Structure formats: structure tokens, C-alpha cells
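One structure coming up, written as C-alpha cells, with questions to follow.
Computed from a prediction, not measured in an experiment: that's the story for all the values here.
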Amino acid sequence: MSGYDIDSLNEQQKEALLQTEGVVLVTAGAGSGKTRLLTHRICYLIKEKKVSPYNILAITFTNKATNEMKERVFSMCSDGVWISTFHSMCVRILREHIYLLEGYDRNFTIIAEADKDKILKELLKQSNMDDDEKSKVEMHLDNIKNKGLDIDEYFEAFEDYEKTQDLFLYRKICQQYEDYLHKNNALDFDDLLNKTLFLFNNFHEVLLKYATRFKYVLVDEFQDTNLVQYKLVRLLTSVHGNLFVVGDEDQCIYSWRGANFQNIFNLKKDFPDIFVFKLEQNYRSTKNILTLANNVISNNRERLKKNLWTDKDDGEGPVVYTAFDERDEALFVAKTIQDLVMEGCSYSDFAVLMRVNALSRAIEEGLMSFQIPYKLYGGFRFYERAEIKMVLSYLSIFVNQKDEISLLKIINFPRRGIGEVALGNLYAEAGEQSLLEYMLGESFEASKYYSKLKNFVQNIQKLREKLPQTSIYQFVKDVVRSFGIDEAYAGKDEESVNKLENIDSLLAGVQEFCNDNDGATLSDYLAEIMLKTDSDSIQENGVVAVSTIHSVKGLEFKVVFAVGLEEGIFPLSRATYSNNEMEEERRLMYVAITRAEERLFLSHTAKRYMYGKSNFQNPSRFLAELGIVDKKRTKLVSNDFVQAEKEDAFESGFNVGDIVFHARFGSGKIVNISEDGLVADIMFEDAGKKSLMLNMAKLEKLEGEE
């Protein structure tokens with residue numbers, strides 16, 4: 001993009017841009033230039049309508065999109081527009097106003113998903129509940145938080161709440177989890193949204209401050225909003241009523257974490273005078289690729305009808321590769337990449353996309369065999385490495401003195417002789433104080449543990465005094481050195497060397513943050529890190545991206561491989577009997593296809609080794625819905641081979657119609673068993689339909705139907 005130029009927009013984009021007042025919904029197909037429209041609309045408001053940048057709010061869904069929009073708006077027209085993700089916006093609001101909520105202060109800690117997991121496990125243990133119950137507790141927590149509900153009201157809404165012991169216990173764990181975070185002055189990711197919503201609903205002056213300030217609110221990827229985010233947007237526009245949202249229900253692939261594409265339809269119901277515009281011209285992909293995308297998504301019913309088109313050439317036709325097995329599939333991917341690189345492509349032009357992470361091993365081995373550089377996304381994140389989490393936990397206690405979640409990680413690292421018994425005694429000594437508050441007080445000197453923790457405590461006190469006068473970068477270096485973190489990884493073995501290199505990379509990132517955020521605090525840095533996502537760095541390293549489809553939404557690549565197009569894998573077997581889940585699987589297929597600019601390769605295997613067994617695979621139904629013929633660029637699988645695979649199907653001893661019992665889900669009836677005999681769809685009386693692996697599920701047969 002060269003700069004601000006309204007004439008560079010197409011007619012549909014111009015019409016949407018010029019409708020500046022009221023509520024505007026733009027249904028923007030994949031690759032239809034929505035970022036260009038959003039940035040031009042912001043600049044139009046500033047340049048032509050003379051709106052102050054201070055009065056404009058733009059909300060995106062990823063840090064990558066935020067940074068890209070900031071750079072474009074700054075280069076085109078102005079600085080000073082508030083552009084951020086929902087979560088970052090809420091952090092900023094909460095830093096200023098959370099003191100209004102009793103027990104919280106602006107230095108709250110944002111906990112990671114791994115910490116949430118650990119806390120719930122410990123609470124279940126204390127209540128003598130099985131770890132298997134954790135998923136049910138998480139389901140209830142997600143429902144409560146994604147809808148912005150009160151815990152008591154949520155559980156009491158169940159008709160049989162008073163009679164059901166399980167529901168009573170789940171409510172107890174949910175409340176204990178909330179109380180624990182409150183005690184630690186900590187919030188999880190959902191709390192960032194919910195506490196902000198609570199402030200808006202209960203402290204009118206807080207809402208009025210922001211709703212009055214933001215005369216124009218713009219929201220990208222509106223189909224990915226959940227109910228809480230929808231409520232936040234409505235409240236933020238309650239004074240001026242100028243809302244501009246861009247969304248595509250065909251790309252809603254996050255319903256499992258609360259995203260509700262029905263918000264697009266809700267917007268039309270809630271605002272009868274809404275202006276609706278369609279963007280159907282695609283600037284990314286060739287005609288052949290768009291034909292596939294239109295073909296597959298047209299099978300969904302829950303959508304606003306639109307048809308992507310382009311002025312680009314037809315381009316290369318798609319290639320469907322029928323592989324013998326997963327190794328053959330991986331070698332096909334690697335060999336094709338090697339050939340295209342020889343023709344002039346760069347490694348960062350390629351993405352290998354899969355529905356589930358379990359397929360990555362074979363792909364990685366194939367790429368390694370051709371010495372092709374790659375990076376796996378949607379997997380283990382840099383900031384989840386043990387040594388990095390340790391440094392971040394040390395930093396957190398200097399921001400939030402109540403943060404015992406972080407303190408417990410570091411109190412015995414490096415080793416100081418503080419085990420579980422010692423911790424129990426320290427808690428008893430601390431009484432009503434937080435553990436760190438007690439340890440930093442004079443009375444701690446009388447404790448028998450003072451000698452073991454003396455240096456630890458004194459280092460905290462010294463560094464706390466230095467923090468206000470020290471740059472963040474220097475402070476992090478001082479923390480690593482003062483507490484002996486670097487010495488703890490001083491070994492000569494490869495693992496220790498790698499850990500020290502990772503800490504050096506962390507320091508480089510701190511310096512980069514300081515350079516980009518003049519005047520930012522240590523609290524700001526920790527919040528930035530907690531809100532980072534793995535996909536923020538995709539396409540930045542000159543390597544092939546190997547990724548789940550979820551992680552590449554919003555990105556584009558010259559060449560895309562979609563692998564594992566087999567029934568039970570893509571679409572997942574659990575979607576077979578659910579129209580809603582099948583439509584989401586189809587939207588994932590649509591997203592995968594529309595990442596491709598020039599070339600698209602689709603592959604499936606005749607057999608695949610998964611979950612401890614080789615199984616015959618049926619091609620995905622999506623291959624038929626795409627409307628293309630398999631070019632069969634590999635040897636066809638013989639009928640003898642297919643029959644042998646069928647005869648080798650897993651024998652579980654279960655049949656359709658069997659009544660079974662599962663320790664977690666209770667009693668249920670088997671309604672379907674996959675052709676390979678490995679997966680059963682079971683309709684449970686209480687838990688609904690579940691797809692379980694028969695070689696792993698530990699089912700007990702109760703009775704059977706004749």
C-alpha cells in the first residue's frame with residue numbers, strides 16, 4: 001500500500017467507507033481488502049471529517065493485525081488512534097480503573113493457561129475429586145466467562161441443581177478458582193474482558209469516560225467476537241452510536257472458545273437501521289482457487305450468501321495427491337517444495353496446513369530429510385519454555401506483591417531447601433498476609449527459614465528499590481544475575497546451552513520492547529508478553545510454516561499444502577452427526593483454501609498410522625464438495641491392499657447398539673463405529689454425544705441390543 005488514496009478502493013469499498021454515521025456492517029470475503037478499507041476509513045475520518053485521532057477506537061483480533069494497522073495508519077495519515085486487540089484494550093482500561101473492584105490493584109498479574117490448569121488440578125485434589133473432572137469444570141468456567149455470567153446465577157439456572165451433587169461440586173471449584181485469583185490480585189484471559197464489562201455495567205462514570213471519548217468505533221473480524229465482546233462493543237458505542245464492523249461468517253473457526261458468528265446476525269436484529277455492504281472481490285487468490293473456496297462453503301446453510309470473484313488469471317489448477325501412507329504424503333510435500341524453490345520460490349512462501357497437530361511428526365521428518373528449514377506453529381511457544389517462564393515469574397513478583405502463583409515457582413529455584421513442608425509452615429507463619437508480604441516484613445527474621453531465604457529476600461528488596469530508576473532491559477539482566485538464574489543453567493551440555501541462549505533471546509526481546517515503547521513499565525512488558533500469540537511471528541523467519549489451520553487465519557502464502565484430508569481427521573469424526581460442527585469444519589476448509597495466492601496442493605492417504613495402529617483411510621467428503629477430480633499423481637492403491645486393510649480393522653468387541661459405561665461420561669449407547677473399528681460415537685445420557693477411541697476409552701459393556 002503506497003498511502004491514503006480513496007480512488008484506490010473499489011466501488012463497494014468506497015460505499016462502505018463513505019457511510020460514516022450510524023451502525024455499518026461489512027461482510028468481507030477472504031482476501032477482499034478489509035484491512036485497506038479499515039485503514040482508509042480511519043484516515044478518511046481524520047483527513048476529511050476532521051475527527052481527532054483521540055476519538056477513534058479500532059479493535060483487531062491479533063497482535064500482528066494491530067501492529068500492521070498501526071503502521072499503515074501512521075504512514076498514511078496520523079498517530080494517536082487507539083488500535084489494539086480486545087484483551088489489550090481491556091488491560092489498559094483495567095490498569096486505570098480496577099482499583100474500584102475491592103481487592104484488586106493496577107499491578108494485577110495475568111496468568112497463563114498452564115497456570116489456570118495447575119490451579120484447577122490442585123483445587124480438585126483438595127476436594128478429593130478426580131483429575132478427569134477438570135474438563136467439566138473448565139466447560140462450566142468457559143460458559144460462565146464467555147457469556148459474562150455470575151457463578152451463582154449460572155449454576156442455579158440448572159433445573160436439577162439442588163439435587164445434583166456433581167453440579168454443586170463444580171460450582172464450588174469454580175468459586176474457589178475465582179477466590180484464589182482474587183487473593184493473588186490475578187486475572188485470567190477471560191477475566192480481562194469480564195472485569196471490564198463489570199466496570200462498565202456498575203460504574204457509570206467509567207463507561208461514560210470511554211463511550212464519550214470514542215465517537216467512532218471500528219471492529220475487525222467481528223465474526224470472532226463472543227457474547228462479552230459483543231456487549232463491550234455495544235456499551236462503547238452507547239453515546240455516539242457510530243459502529244463500523246467488518247466480518248465474514250464463513251471464516252468463524254473459533255466457536256470452541258466462545259466465538260459466535262451469530263453476532264453478525266444479532267447486529268442486524270439489534271440495529272434495524274443498520275447499513276450492510278458486501279465485499280466479494282478477492283485480491284489474493286487466482287480464479288481456480290476461488291472456485292474451490294466458493295464450491296465448498298456453499299454447502300453451509302448458516303451464512304450470508306456471497307460469492308468471491310477476482311480479476312486475476314485462472315492460475316495453476318489445484319493438485320490432489322493420493323498418498324500410500326503418511327510418509328509418502330510428507331515426501332510429496334517436501335519434494336514439491338524443493339522443486340518450487342529451485343524455480344525461484346522462497347521458503348517463507350510455503351505453508352503446510354493440518355487440521356490436528358498429531359499429523360506434524362511425519363511432515364517434519366519429510367522436510368528434514370530434504371534439509372528444508374521449517375517452523376512448527378500452534379505447538380510449543382517460546383514463552384512456555386521452563387527457563388523463560390522462570391524469568392518471567394521472577395519479574396512478576398516485582399510488579400504484584402500478592403502474586404503467590406509466581407512466587408511458588410521461584411522460591412526454590414535455584415534450590416534453597418524449601419520443600420512442601422517448609423511452604424506449609426511459611427503459610428502458617430504468614431497468616432492473613434500474602435507470603436511475599438510476610439517475607440519482606442521484619443517479623444520474618446524470626447522464622448527458622450530466614451537463613452535459607454535471606455539472600456532471596458534481600459535481593460528482592462534491593463532490586464525493588466532500583467526498579468524505578470532502572471531501564472526494563474537492565475532490570476531484567478540484574479534479575480537473571482542476582483538470583484543466579486544464569487548460573488543454574490551454566491552446564492556445558494547442549495540443553496543448558498540452549499536454555500542460556502533462550503534467556504539471551506528473551507533479553508533481546510526486552511530491548512526491542514523498550515525501543516518500541518518509550519516510557520513503558522515492567523508491568524506493561526509482562527502484559528505484552530502474556531498477550532502474545534504463536535502466530536504473531538509466522539512468515540518472519542524465512543522458513544516453511546507448518547501449522548494448524550487455526551493459527552494461520554488472516555495470513556496468506558503463495559503456496560499452500562492442506563494435508564490429511566481424510567474422514568475422521570478433516571472433518572473430525574465428532575462432526576459427523578452435528579450440523580453445527582460440520583459447518584465449522586467446512587469453514588476451516590474454506591480458510592485453508594483461501595490462504596493460497598497461487599498454488600494449492602491437497603493430499604490424503606490410503607492408510608495412516610495414528611493412535612498406535614495403521615488404519616485404512618477414506619478421502620474427506622470435502623474433496624468431493626470442492627468439485628475437482630483427483631489427478632492421481634501417485635500410484636493407485638490396489639483393491640487387494642484396500643481389502644487387506646479392511647480385514648485388519650481394529651476388533652474392539654463393541655457393536656452399534658451396545659449400552660456402555662464410561663467413568664467420566666456415565667452411561668451411553670454406541671450409535672456408530674468407524675469403518676476401521678477404532679472410533680465409536682456414543683450418545684451419553686448426561687454428557688451428550690462423544691467420539692471415543694475404543695482402544696483407549698476403557699468402556700464397560702452393560703448390555704446390548706439384538
Side-chain angles (χ1 to χ4, degrees), residues 91-92 95-96 98-99 104-111 184-186 383 386-416 418 426 430 433-445 447 449-490 499-530:
V91 167
R92 189 168 165 181
R95 291 286 185 217
E96 187 167 349
I98 199 171
Y99 72 90
Y104 292 100
D105 64 56
R106 70 182 317 276
N107 295 315
F108 59 83
T109 297
I110 304 170
I111 70 164
N184 282 268
N185 189 30
Y383 292 101
E387 62 276 14
I388 301 303
K389 289 198 292 186
M390 193 63 69
V391 176
L392 296 177
S393 294
Y394 265 102
L395 297 177
S396 184
I397 65 167
F398 289 96
V399 170
N400 178 12
Q401 199 165 290
K402 295 180 180 179
D403 184 5
E404 291 181 1
I405 300 168
S406 295
L407 180 64
L408 293 179
K409 295 177 187 175
I410 65 175
I411 195 168
N412 201 41
F413 181 88
R415 292 192 181 278
R416 301 183 179 96
I418 303 297
L426 282 168
Q433 291 179 287
S434 77
L435 202 54
L436 186 57
E437 287 171 333
Y438 166 64
M439 289 164 57
L440 293 174
E442 292 183 5
S443 60
F444 179 55
E445 294 181 15
S447 170
Y449 300 105
Y450 179 70
S451 59
K452 292 183 177 181
L453 293 170
K454 180 180 178 181
N455 289 338
F456 177 68
V457 170
Q458 288 180 345
N459 277 331
I460 294 174
Q461 291 168 330
K462 289 175 185 175
L463 287 167
R464 283 180 71 192
E465 293 173 5
K466 290 175 61 178
L467 179 56
Q469 293 83 36
T470 309
S471 71
I472 303 175
Y473 173 73
Q474 185 58 50
F475 185 79
V476 178
K477 285 186 69 175
D478 290 344
V479 165
V480 171
R481 187 189 67 252
S482 298
F483 291 101
I485 300 172
D486 50 354
E487 293 179 4
Y489 300 121
K499 289 181 183 295
L500 284 178
E501 287 178 352
N502 287 333
I503 291 175
D504 284 340
S505 294
L506 177 69
L507 286 166
V510 173
Q511 185 64 68
E512 186 177 315
F513 173 82
C514 293
N515 294 339
D516 294 341
N517 299 275
D518 188 38
T521 65
L522 180 59
S523 180
D524 295 330
Y525 169 72
L526 291 173
E528 167 103 350
I529 293 307
M530 289 308 301

Checklist entry - Do the side chains of Tyr489 and Asn502 get nearer than 4.5 Å, heavy atoms only? => result no

Checklist entry - Do Asn185 and Asp403 have side-chain N/O donor and acceptor atoms under 3.5 Å apart? => result no

Item to check | Taking every non-hydrogen atom, the tightest pair across Ile472 and Ala520 | outcome: CD1-O, 3.3 Å

Item to check | Backbone of Leu392 reached by a side-chain donor or acceptor of Ser396 within 3.5 Å | outcome: no

Next on the checklist: Taking side chain to side chain contact (heavy atoms under 4.5 Å, CB included) as the criterion, tell me which of Thr109, Asn184, Ile397 meets it with Glu404.
Outcome noted: Asn184

Checklist entry - Is there side-chain contact between Phe413 and Lys409, with heavy atoms separated by less than 4.5 Å? => result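 With C-beta onward as the side chain, the pair stays apart.
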
Checklist entry - Are Asp486 and Arg481 ion-paired here, with the side-chain N under 4.0 Å from a carboxylate O? => result no

Next on the checklist: Does any part of the side chain of Leu395, heavy atoms only, come nearer than 4.5 Å to the side chain of Phe475, both counted from C-beta?
Outcome noted: yes

Checklist outcome for this item: Rounded to the nearest 0.5 Å, the CE atom of Met390 sits from the CD1 atom of Ile503 at a distance of 9.5 Å

Next on the checklist: Could you check whether any side-chain N or O of Arg95 sits under 3.5 Å from a backbone N or O of Asp524, counting only pairs where one atom can act as donor and the other as acceptor?
Outcome noted: no

Next on the checklist: Would you say that more than 12 heavy atoms from the other residues, nucleotides or ligands in this model lie under 6.0 Å from the CD of Glu512, or not?
Outcome noted: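 Check fails, neighbour count at 12 or below.
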
Item to check | Atom of Leu440, atom of Gln461 and distance for their closest heavy-atom approach | outcome: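 Smallest heavy-atom distance, with atoms named: O-NE2, 3.5 Å.
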
Item to check | Gap between atom NZ of Lys477 and atom CD of Gln511 - 0.5 Å precision | outcome: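 Answer rounded to 0.5 Å: 9.0 Å.
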
Item to check | Any side-chain heavy-atom pair of Tyr525 and Asn517 under 4.5 Å | outcome: no

Checklist entry - Just how far is it from atom CD of Gln474 to atom CG of Leu467, taken to the nearest 0.5 Å? => result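 These two atoms lie 12.0 Å from each other.
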
Next on the checklist: Test side chain to side chain contact (heavy atoms under 4.5 Å, CB included) on Met439 and Phe456; report intermediate values, then the result.
Outcome noted: CA-CA 10 Å; Met439 289 164 57; Phe456 177 68; 3.7 Å; yes

Next on the checklist: Tell me if the centroids of the rings in Tyr99 and Tyr104 come within less than 6.0 Å of each other.
Outcome noted: no

Item to check | Arg464 side chain near Gln401 side chain, heavy-atom distance below 4.5 Å | outcome: yes

Next on the checklist: Please check this pair: side chain of Glu437 against backbone of Ser434, looking for a donor-acceptor N/O pair closer than 3.5 Å.
Outcome noted: yes

Next on the checklist: Looking at every non-hydrogen atom in both residues, tell me the closest pair between Ala488 and Pro414 and how far apart they are.
Outcome noted: CB-CG, 4.2 Å

Item to check | Ile411 side, atom CD1; Ser406 side, atom OG - distance, nearest 0.5 Å | outcome: 12.5 Å

Next on the checklist: How close do Val391 and Leu506 get, counting heavy atoms only, and between which atoms?
Outcome noted: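 Looking at all heavy atoms of both residues, the closest pair is CG1-CD2, 3.6 Å.
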
Checklist outcome for this item: For Asn459 and Ser482 the tightest heavy-atom approach is ND2-O, 3.1 Å

Checklist entry - Side chains of Lys402 and Leu436: closer than 4.5 Å at any heavy-atom pair? => result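 With C-beta onward as the side chain, the pair stays apart.
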
Checklist entry - Yes or no on side chain to side chain contact (heavy atoms under 4.5 Å, CB included) for Tyr394 and Val480, after CA distance, side-chain angles and deciding distance? => result CA-CA 9 Å; Tyr394 265 102; Val480 171; over 6 Å; no

Next on the checklist: Could you measure the distance from the CG atom of Leu500 to the OG atom of Ser505? Nearest 0.5 Å is fine.
Outcome noted: 11.0 Å

Next on the checklist: Please evaluate residues Asn455 and Phe483 with respect to the criterion side chain to side chain contact (heavy atoms under 4.5 Å, CB included), reporting the C-alpha separation (whole Å), side-chain torsions for both, the decisive distance (0.1 Å), and the verdict.
Outcome noted: CA-CA 9 Å; Asn455 289 338; Phe483 291 101; over 6 Å; no

Checklist entry - Considering only heavy atoms from C-beta outward, does the side chain of Phe398 approach that of Val479 to under 4.5 Å? => result yes

Checklist entry - For Glu465 and Gln469, which heavy atoms make the closest approach, and how far apart are they? => result O-OE1, 3.1 Å

Next on the checklist: Measuring only between side-chain heavy atoms, which start at C-beta, is Leu426 closer than 4.5 Å to Tyr438?
Outcome noted: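 The answer is yes, as the side chains (C-beta and beyond) meet within the 4.5 Å cut-off.
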
Checklist entry - When rounded to the nearest 0.5 angstrom, what is the spacing between CG in Asn400 and CG in Leu407? => result 11.0 Å

